[in-house]
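Notes for the one structure printed next.
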Amino acid sequence: MAHDVMPFLQPAPQVLTCGPWQIDDAEGTRELPVLLPDWDPQADLALSRHVAVDHSRALADCRLPAETPLALVVDWHSSAAHYTGSAFRRLVVDATTLTVQIKLSGTDLGGTLVIHTRLVLADDVPRPEAAPPFTPRHAGEILCEQSSEVRLEGSASRFPISVIDFPLHGFDEDARWALGLPDDPAVPVTGGIRLYLNRTDTELVAAATRAAAPTSMQRRLLETMYDDVARQLVEACLRPAWRDAVTDAADEPGSLAESLTVLVSNLFHGASLQTVATWREAEPSVFAAALQGALRRQHQVRRETP
């Protein structure tokens with residue numbers, strides 16, 4: 001694997017010692033897995049880890065002046081939402097051991113979440129012209145880092161969910177949910193699509209809140225909703241107005257078009273959009289039954305997966 005080569009000295013990796021990220025959610029506190037299959041985008045992601053910094057060795061390895069301030073920072077990037085942010089910053093002026101705690105908004109996340117724990121130069125080095133060759137000199141230069149990845153998946157993970165008053169937003173007051181779609185399928189999936197729940201439907205709202213661990217009745221209700229959402233998504237990407245646009249943008253990471261292409265491929269054994277669209281036009285009833293069966297099988301697989 002290729003690594004970036006910095007144009008300045010870097011300390012030994014032991015300077016930054018990081019324990020595993022821990023996640024605190026409905027299941028309790030546990031080590032962050034590489035996949036969160038039932039991640040809820042309406043819930044914040046609360047993470048923590050133990051970190052130790054050998055400040056004096058970092059300065060010695062980089063030929064930095066004594067007492068040069070460093071900073072421990074945590075940055076993150078979400079592939080589906082195309083969002084990047086900084087979640088933590090702490091000044092480091094001597095040997096430090098601490099617990100880093102961060103909280104990320106679920107509505108900003110999706111796809112693959114990459115979290116970088118970094119030791120950086122806190123300020124510009126005074127009189128950089130007098131510094132030894134290849135010494136880090138500017139604030140923010142990364143001395144060392146440790147990166148972690150987690151896939152955020154699950155039935156509701158690909159787009160945000162909002163609980164709203166349906167009549168105030170033009171939806172039928174007795175409808176349980178509604179799906180908002182963008183005009184362009186090339187937009188990021190988390191920014192271009194949203195599932196709305198009717199605030200007065202307390203049964204559905206409660207089920208969505210417990211999506212990671214629903215009761216059997218709540219699971220059936222959620223599966224019914226997810227089936228309808230999947231049907232709407234499939235119908236949308238098979239429309240002539242969208243079909244070419246979805247195909248053209250299918251290779252754009254994190255785009256709605258990419259997610260729709262994967263959805264159709266998974267449901268119909270790798271078939272292309274054009275093939276599925278032709279089938280739907282030729283045999284609409286048979287196609288509708290096939291879609292229903294494919295979604296039912298997906299739910300069966302999820303229930304059997306520990």
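No experiment lies behind these values; they were computed from the predicted model shown.
- Each salt bridge (Lys or Arg N to Asp or Glu O under 4.0 Å) pair with one or both residues in residues 230-239, not counting sequence neighbours, appears once here: D228-R231, E235-R280.
- Between the side chains of R194 and S162, at least one donor N or O lies within less than 3.5 Å of an accepting N or O.
- V286 places a side-chain heavy atom less than 4.5 Å from the side chain of W279.
- Cluster membership check: V234 shares its hydrophobic cluster with L181, using side-chain heavy-atom separations under 4.5 Å among Ile, Leu, Val, Met, Phe, Trp and Tyr.
- Counting only N and O atoms by type, the side chains of Q146 and R49 include a donor and acceptor under 3.5 Å apart.
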**Item:** Test log, rule side chain to side chain contact (heavy atoms under 4.5 Å, CB included), inputs W242 and L256
**Value:** CA-CA 11 Å; W242 261 38; L256 175 57; 3.9 Å; yes

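- Side-chain contact between V73 and F88 is absent, with no heavy atoms from C-beta onward closer than 4.5 Å.
- Nearest heavy atom pair, residue V246 against residue C237, reads CG2-CB, 4.0 Å.
- When only modelled atom types and interatomic distance are considered, S272 and T275 share a side-chain donor-acceptor pair under 3.5 Å.
- Both V276 and L295 are part of a single hydrophobic cluster, where members link through side-chain heavy atoms under 4.5 Å apart.
- When side chains are defined from C-beta on, L72 does not count as touching T96, because their heavy atoms never get closer than 4.5 Å.
- How far CD1 of I23 is from OG1 of T29: 9.0 Å, rounded to the nearest 0.5 Å.
- In terms of heavy-atom proximity, H116 sits nearest to S147 at ND1-OG, 2.6 Å.
- The CG atom of N198 lies 8.0 Å from the CD1 atom of I164; values are rounded to the nearest 0.5 Å.
- Using a 4.0 Å cut-off between charged side-chain N and carboxylate O, R30 and D24 make no salt bridge.
- Judged by distance alone, with hydrogens and angles left aside, the side-chain atoms of E141 form a donor-acceptor pair with the main-chain N or O of H138 at under 3.5 Å.
- Closest approach of V150 and P33 over heavy atoms only: CG2-O, 3.3 Å.
- Judged by distance alone, with hydrogens and angles left aside, the side-chain atoms of D201 form a donor-acceptor pair with the main-chain N or O of L204 at under 3.5 Å.
- Open room surrounds CZ on R90; 12 or fewer heavy atoms of other groups in view lie less than 6.0 Å from it.
- Nearest heavy atom pair, residue P11 against residue A58, reads CB-CA, 4.0 Å.
- Under a 3.5 Å cut-off, the side chain of D61 and the backbone N or O of A12 do form a donor-acceptor pair.
- When hydrophobic clusters are built by joining Ile, Leu, Val, Met, Phe, Trp and Tyr residues whose side-chain heavy atoms come closer than 4.5 Å, directly or via intermediates, V205 is grouped together with L222.
- Here the closest heavy-atom approach between residue D44 and residue S105 is recorded as OD1-CA, 3.4 Å.
- Atom CD of Q292 and atom CG of D227 lie 8.0 Å apart (nearest 0.5 Å).
- In this structure, CZ on R297 lies 9.5 Å from CG on L267, to the nearest 0.5 angstrom.
- In summary, R296 and E223 do not engage in a salt bridge, as defined by a charged side-chain N under 4.0 Å from a carboxylate O.
- I102 places a side-chain heavy atom less than 4.5 Å from the side chain of V100.
- The shortest distance between side-chain heavy atoms of D172 and F166 does not fall below 4.5 Å.
- Across all their heavy atoms, T99 and S48 have their closest contact at CG2-CB, 4.3 Å.
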**Request:** Under the side chain to side chain contact (heavy atoms under 4.5 Å, CB included) rule, what do T278 and Q274 come out as? Steps first, then yes or no, please.
**Result:** CA-CA 6 Å; T278 300; Q274 185 58 53; 3.2 Å; yes

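- Judged purely by atom type and a 3.5 angstrom limit, H169 uses its side chain to pair as donor or acceptor with the backbone of D165.
- Once rounded to the nearest 0.5 Å, the distance linking OG1 of T247 with CG of L273 reads 4.5 Å.
- Contact check for L221 versus Y226: no side-chain heavy atoms found under the 4.5 Å cut-off.
- Of the possible polar contacts, one joining the H55 side chain to the T68 backbone as a donor-acceptor pair under 3.5 Å is found.
- In this structure, the side chains of L233 and L260 come closer than 4.5 Å at one or more pairs of heavy atoms.
- Inter-residue side-chain proximity for M225 and R176 is flagged as unmet; no heavy-atom pair is nearer than 4.5 Å.
- Under a hydrophobic-cluster definition in which Ile, Leu, Val, Met, Phe, Trp and Tyr are linked whenever side-chain heavy atoms come within less than 4.5 Å, directly or via other members, L98 and L119 are assigned to the same cluster.
- Checked against the 6.0 Å centroid criterion, the rings of F171 and Y196 qualify as a close aromatic pair.
- Side-chain N or O atoms of T261 include one that pairs as donor or acceptor with a backbone N or O of A257 at under 3.5 Å.
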**Request:** Output, in order, the C-alpha distance, side-chain angles, deciding distance and verdict of side chain to side chain contact (heavy atoms under 4.5 Å, CB included) for L143 and V15.
**Result:** CA-CA 10 Å; L143 306 187; V15 161; over 6 Å; no

**Request:** Please assess W177 against T224 for the test side chain to side chain contact (heavy atoms under 4.5 Å, CB included), listing each intermediate value before the final yes or no.
**Result:** CA-CA 11 Å; W177 60 79; T224 299; 4.2 Å; yes

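- Q10 contributes atom CD, which lies 8.5 Å from atom CD of E145 (distance to the nearest 0.5 angstrom).
- Taking the charged nitrogens against the carboxylate oxygens, R137 and D124 have no contact shorter than 4.0 Å, which rules out a salt bridge.
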